[in-house]
K.L.:
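Mind looking over this structure? Questions follow.
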Amino acid sequence: MEYGTSRCDDGQGEPPAVPEQCRGVHGRMPLAVVVIDAEGRVTHWSSGARRLFGPTREQAVGCPAVDLMPVSGALRGAEVRTDATGHPELDDSQLGAMYYPTAGRARMADPAHGQADVLWWAYPLVGPGPERLLVLAADANGVGGDALEPDGRIAPGFALHTEFPGAERLAGRLPDILPNMGPATAGRIVAQVLELGYPVLEISHHERVPVTPDWGMPRYRERRARQEAVLRRAVTADGVPDRVHASGWSLDPDEVDLEYAAVRERLEFLNEVSGRIGTSLDLARTIREVTSAAVPRFADFAGTHLRAQVLAGEGFPDGPPDVTTVWHRVWVEHNDEPGRWDDTVPVGESIAFPEHTPFFQCMVTGEPVLIPCISDEVGDRIAGQFEKRDLRPLINGRSILIVPLKARDVVLGFMVLLRRPGREPFDDMDRTTGAELAARAGLVLDNARMYTYQENVAETLQDSMLPQVTPRMAGCDTATRYLPGTRLGRVGGDWFDTIKLPGSRTALVVGDVMGHGLTSAAMMGQLRTAVQTMAALDLPPAQLLRNLDDLAQRLGEHYLATCLYAVYDPVCSELVLSNAGHIPPVLVRAQDGRSELLDLPTGAPIGVGGVPFEAVTVRVEPGDRLVLCTDGLVEVRGQDIGAGIAALCESAAHPAASMDDACDTIIRALAAASRDEDGRDGRKDDVALLMARLGGIPAEQVAQWRLALDPSEVGRARRLVRERLLRWGLPESVETAELLVSEAVTNAIRHAHTHHVRLRLVRTDALLCEVTDDDHELPALLSADRDDENGRGLRVISKLAREWGTSRTGRGKTVWFEQALAHPGERR
């Protein structure tokens, strides 16, 4: 059988001896013993755990602990009590992530096992094995008996093995109660329990003993010994006899009561601080919480300094600090008159601290620095190290404590704490309290720093993958919005894109990789690159999605995404769309302002494989608007997606002064529709929104001709181009256009087979020229020597054209180029 122990407190502050009325409880408490690995899964489950919680060892090992024990706060139907700060006494986020022992109680109300008041103790474990958390639990209903009066209270706690009788017997039992575990692993765990303290019950007949992890860190014994040594020296100096009794305390009962009161006061302060700091992962807010927690209860002034790399979210600082390390004063809190510290120690200042100062000593040693009272001489010496400021009026006569903010033994920053004259100066116990405060604050700050760093990395990755969309394309204006998910930061798999295609056409793309995180973002980047590559080959929409589906299957079975690919031809006023499991787009008609959800074949998501994709052609008019988005905009947890799509159609139809205003109108309308009863945003997923105004290209700005396969047609082509440009009022562009068209038509006539060559000019903000023939072999840009007769045409085009390219068509190929237009009065 497993056992714990108990100790009794009659409310008079006596040492923890075991009174007569408590002896029936001492040493006879059955314990459930559970060991949990870093992933939160049970690796050991004792017979006591089976009796208390129900599952057998075979059923429990390998299962998540949160599904088995109410102490995790996750068992269905469990009523979990909270501590004095209102926080759960042990939740699943603590499994495998604690740095000090904790204790508490929770009520188990599972119908299968009845109701039980469960006491628990949790020990963090370190070492080479997978074990990361030891949980001991007991049924409180079977503990009290006659030992607890009706108005008494019972709470779990920790005690060192020297504080109660029978400790040696329990130490000998610990290896036996760890289930099915080898002697090496059992010995490692037992050694840590011995260091952290035994599980005990605090029984009080007069007051509730707060549930606390005591001082909480493995070095508790050393701190306790140092405190007792200080008290012994103080008593000896006052001439009070040093009376040592069996509990190890070296003071009389009155002094012991004072010591308990002082320790309890500091524990209450640290518990209060722990509840106030780390309420969010926002670095700036965490800094303010940490600094403000110390004033006025512990100090009259608190100033927090952080290394520049920490504040900027640039990752973990490299190496120890030195005289060149730049520190930022990120927050100051004090109870002096307003503005007294503002000029001398302003918030936001960057400073490198001089070597011969207590600040430098703290940051390089990583240990607290205590000066009980800064004399005039010491104050002058400290102030003399700083130029252009006089610290003496602010520090002289005060007590100062400087504590490092560390994580993983690296100093991230430090806190300067001051007490004004007239208040008790800092002592060694305050040094311990300040160090404990800084240790907890350092962990919280490091968590916030890591979150800020990861958020910066994710933001950089996301921004690098999202396209820089050109707002104006040929016959098409676009506007976009991207919103990160409210729960998942900036990392997501949503994307949009606009791609320039031959023939003044534009490809409009929106997609959504299933899942979230960096993996989804990286997957999105690969798929987006593939879409751009295949779009440059001018593949039809359905064929492009088929190729993308094949690529996703080759990349891996987890590559699943939805995608909508649309091609807009402003000359023909047509949209050709193909859908792979995505939300259909909304088309807003310019003629009457009516919006409609386009009826497209849905298709299967990219990566499913073996499913054909279809394309649909839709006639549009100049001024129509096409709205494409991802499901994060219209899907809200707990609501039907149809309601979101209806809201999208309604908001898209609202008139707007500009494309950006139209996008903002949609975002505001859908955000309002997603709010819950408490006004919180119910949208969790990220959002990509792409809107395009389909302006079209007027017929009078397009000219096209058929040319026979005759070299004399090259001269005719030059003449036709000259006449058209003069009609369009572009005489300054004639010479360059004639030369470029001559080269392109010559190559086409030379390589065409049986059909004619087609020449087309399109005037927008540039001059687009397309030459199409029936040869499927794409020309390549070659290097030509001085004596070569071939290979010069494309070199001339690439030199004089703003852009150029080639693409295959159903009957051959097209060579196209764009020429920047020169207007009258401009020099060529």
Side-chain angles (χ1 to χ4, degrees), residues 473-475 500-506 536-538 567 569-574 696-781 790-822 828:
M473 308 285 279
K500 187 175 182 178
L501 300 179
S504 297
R505 294 171 302 151
T506 300
L537 299 175
D538 203 12
V567 174
D569 189 334
V571 177
C572 300
S573 294
E574 285 184 349
I697 297 177
E700 59 269 20
Q701 302 299 324
V702 180
Q704 54 185 353
W705 304 275
R706 289 187 178 184
L707 304 175
L709 301 184
D710 188 334
S712 64
E713 289 286 87
V714 176
R716 176 172 172 251
R718 288 197 298 265
R719 184 175 64 256
L720 292 172
V721 169
R722 182 188 314 114
E723 292 173 353
R724 180 60 59 161
L725 293 185
L726 291 176
R727 183 186 304 178
W728 284 341
L730 302 171
E732 300 296 323
S733 303
V734 170
E735 184 179 345
T736 301
E738 283 185 317
L739 176 59
L740 294 175
V741 168
S742 176
E743 294 293 342
V745 171
T746 298
N747 285 341
I749 292 176
R750 178 177 298 170
H751 294 93
H753 300 295
T754 59
H755 298 288
H756 59 269
V757 172
R758 190 180 67 176
L759 169 64
R760 184 166 80 160
L761 295 181
V762 180
R763 178 192 178 186
T764 56
D765 57 345
L767 179 65
L768 170 68
C769 176
E770 296 177 330
V771 178
T772 304
D773 61 64
D774 62 357
D775 181 34
H776 288 275
E777 184 177 354
L778 296 180
L781 184 64
N790 298 323
R792 297 183 180 276
L794 288 183
R795 293 181 60 84
V796 172
I797 292 175
S798 66
K799 183 69 174 179
L800 298 180
R802 186 174 72 175
E803 289 184 75
W804 74 278
T806 62
S807 60
R808 285 191 173 91
T809 65
R811 296 183 178 180
K813 70 173 182 299
T814 296
V815 177
W816 61 270
F817 64 83
E818 277 191 2
Q819 175 187 341
L821 293 178
R828 292 192 296 269

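For reference, positions follow the sequence shown, starting with 1.
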K.L.:
Can you list the residues that meet the side-chain hydrogen bond (donor to acceptor under 3.5 Å, both in side chains) rule with D538, with sequence neighbours excluded?
P.N.:
R505
K.L.:
Tell me if a side-chain donor or acceptor on R706 pairs with a main-chain N or O of H756 at a distance below 3.5 Å.
P.N.:
no
K.L.:
With salt bridge (charged side-chain N to carboxylate O under 4.0 Å, His left out) as the rule and sequence neighbours excluded, what pairs involving residues 796-806 come up?
P.N.:
K500-E803, R802-E818
K.L.:
Side chains of C769 and L740, heavy atoms from C-beta outward: is any pair under 4.5 Å?
P.N.:
no
K.L.:
Can you list everything that forms a side-chain hydrogen bond (donor to acceptor under 3.5 Å, both in side chains) with T772? Sequence neighbours excluded, please.
P.N.:
T814
K.L.:
I need the minimum non-hydrogen distance between L759 and A717, along with the two atoms involved.
P.N.:
CD2-CB, 4.1 Å
K.L.:
Flag the pair L707 / V745 as yes when at least one side-chain heavy-atom distance between them is below 4.5 Å, and no otherwise.
P.N.:
yes
K.L.:
Within this structure, what is the CD-CZ distance for the pair E735 and R722, rounded to the nearest 0.5 Å?
P.N.:
10.5 Å
K.L.:
Are side-chain heavy atoms of D775 and K813 found at a separation under 4.5 Å?
P.N.:
yes
K.L.:
Is there a side chain to side chain contact (heavy atoms under 4.5 Å, CB included) between L767 and L730 once you walk through the steps?
P.N.:
CA-CA 10 Å; L767 179 65; L730 302 171; 5.6 Å; no
K.L.:
Under 3.5 Å, side chain of Q819 to main-chain N/O of S733, donor-acceptor pair present?
P.N.:
yes
K.L.:
So, do N747 and P779 sit near enough that their side-chain heavy atoms are less than 4.5 Å apart?
P.N.:
no
K.L.:
Do V741 and L720 come within less than 4.5 Å of each other through their side chains, counting heavy atoms only?
P.N.:
no
K.L.:
Please report the closest heavy-atom contact between L709 and I749, naming both atoms and the distance.
P.N.:
C-CG2, 4.0 Å
K.L.:
R760 vs V702, test: side chain to side chain contact (heavy atoms under 4.5 Å, CB included). Steps then yes/no.
P.N.:
CA-CA 7 Å; R760 184 166 80 160; V702 180; 4.1 Å; yes
K.L.:
Restricting to side-chain hydrogen bond (donor to acceptor under 3.5 Å, both in side chains), what partner residues turn up for T506, sequence neighbours left out?
P.N.:
none
K.L.:
Got a sec, which residues hit salt bridge (charged side-chain N to carboxylate O under 4.0 Å, His left out) with R808, two or more places apart in sequence or on another chain?
P.N.:
none
K.L.:
If you look at every heavy atom in W816 and T806, which pair is closest and at what distance?
P.N.:
NE1-N, 3.8 Å
K.L.:
For R811, what residues pass the side-chain hydrogen bond (donor to acceptor under 3.5 Å, both in side chains) criterion, not counting sequence neighbours?
P.N.:
none
K.L.:
Using side-chain heavy atoms (C-beta onward) and a distance below 4.5 Å, is V757 in contact with W705?
P.N.:
no
K.L.:
For L725 versus A737, what's the shortest heavy-atom pair and its separation?
P.N.:
CD1-CB, 3.6 Å
K.L.:
Search all heavy atoms of I697 against all heavy atoms of G475 and return the closest pair with its distance.
P.N.:
CG1-CA, 4.2 Å
K.L.:
Measure the CD-CD distance between Q704 and E770 for me, rounded to the nearest 0.5 Å.
P.N.:
9.0 Å
K.L.:
So how far is it from D773 CG to H753 NE2, rounded to the nearest 0.5 Å?
P.N.:
7.5 Å
K.L.:
Tell me whether S742 contacts the main-chain N or O of E738 through its side chain, where contact means a donor paired with an acceptor under 3.5 Å.
P.N.:
no
K.L.:
Looking at E777, I want to see if its CD is surrounded by more than 12 non-hydrogen atoms of other residues, nucleotides or ligands under 6.0 Å.
P.N.:
no
K.L.:
Taking the side chain as every heavy atom from C-beta outward, state whether L800 and F817 have any atom pair closer than 4.5 Å.
P.N.:
no
